[in-house]
Amino acid sequence: QKEVEQDPGPLSVPEGAIVSLNCTYSNSAFQYFMWYRQYSRKGPELLMYTYSSGNKEDGRFTAQVDKSSKYISLFIRDSQPSDSATYLCAMKEGTGRRALTFGSGTRLQVQP
Amino acid sequence: DVKVTQSSRYLVKRTGEKVFLECVQDMDHENMFWYRQDPGLGLRLIYFSYDVKMKEKGDIPEGYSVSREKKERFSLILESASTNQTSMYLCASSSGNQPQHFGDGTRLSIL
């Protein structure tokens, strides 16, 4: 079983829809949670960064972390065709391992 | 803005060749990382470095080595390239517990 599970999609939605992307994890030592967006043939770009549980909002994006359920979410409001990309969740332990553990990514397509 | 620059976007090499992938960051980050990204497998850590001349193996170090002679530069070396090393290679850097910032990757094909 992978440490971080993420549905690969593809997820296809109409423009303007609310998108929900999710990851589950098994390692209770994860304290830092990130969402990256990756366009085709480009490197991952940091979208959201949260520490421990709670919500964080940035424009049309909201990240939620529920450590009790080992579940994180990214919500995109008023989705646009330019949001079409692969979304990667990533997590890091509080101490110890310095590297990130990634989900395999969800491909999102927003139809105009 | 953090800038992580990878020397080549696309590279084609032959089996058995020694291959060097270079990465430079401009934010004085102490941590640097090399990942490979394959369809269905996500990003997997090859090696990372937390200081000049310091390195640690990641999850898939076999067939690779690294060099960090200066803080801003981290090189990945394929000692004798093989076809199963055809992949997208991503370099990243970070400081402390801050998130990692990535370069645009090198798409490497081994023929």
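Per chain, numbering begins at 1; letters A, B, ... match sequence-line order.
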Let me check something: do [X] and [Y] share a hydrophobic cluster, defined by ILVMFWY side-chain heavy atoms less than 4.5 Å apart, either directly or through other members?
{"X": "A:I72", "Y": "A:L74", "value": "yes"}
{"X": "B:F74", "Y": "B:I46", "value": "yes"}
{"X": "A:V19", "Y": "A:F75", "value": "no"}
{"X": "A:F102", "Y": "A:Y32", "value": "yes"}
{"X": "B:F48", "Y": "B:M54", "value": "yes"}

Inset, instruction - Name the region of A:P44, side chain, backbone, both or neither, that has any atom closer than 4.5 Å to a heavy atom of chain B. - result: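 Both parts, backbone and side chain.
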Inset, instruction - Dump the intermediate steps for side chain to side chain contact (heavy atoms under 4.5 Å, CB included) on A:Q38 and B:Q37, then the final yes or no. - result: CA-CA 12 Å; A:Q38 187 175 22; B:Q37 185 176 28; 2.8 Å; yes
Legend entry - Engaged part of B:D38 at the chain A interface, taking heavy atoms whose separation is under 4.5 Å: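 Neither part, no heavy atoms under 4.5 Å.
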Legend entry - B:Y89, part contacting chain A, at a heavy-atom distance under 4.5 Å: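 Neither; nothing under 4.5 Å.
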Inset, instruction - Over all heavy atoms of both residues, which pair between A:S104 and B:G40 is shortest? Give the atoms and the distance, please. - result: CB-O, 4.3 Å
Legend entry - Nearest atoms (heavy-atom pairs only) where A:M34 meets B:P99: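 Where A:M34 meets B:P99 most closely, the heavy atoms are SD-CB, 3.8 Å.
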Legend entry - NZ (A:K42) with more than 12 external heavy atoms under 6.0 Å: no
Legend entry - Enclosure of A:R60 CZ (heavy-atom neighbours >12, cutoff 6.0 Å): yes
Legend entry - Between CG on residue B:N97 and OH on residue A:Y49, distance to nearest 0.5 Å: 5.5 Å
Legend entry - Reported OG1-to-CG distance for the pair A:T101 and B:L43, which is rounded to 0.5 angstrom: 11.0 Å
[X] side-chain N/O to [Y] backbone N/O, donor-acceptor pair under 3.5 Å:
{"X": "B:R9", "Y": "A:R41", "value": "yes"}
{"X": "B:D104", "Y": "A:G43", "value": "yes"}
{"X": "A:Y36", "Y": "B:Q100", "value": "yes"}

Legend entry - Criterion side chain to side chain contact (heavy atoms under 4.5 Å, CB included) on A:L100 and B:Y35, from CA distance to verdict: CA-CA 10 Å; A:L100 299 177; B:Y35 296 88; 3.9 Å; yes
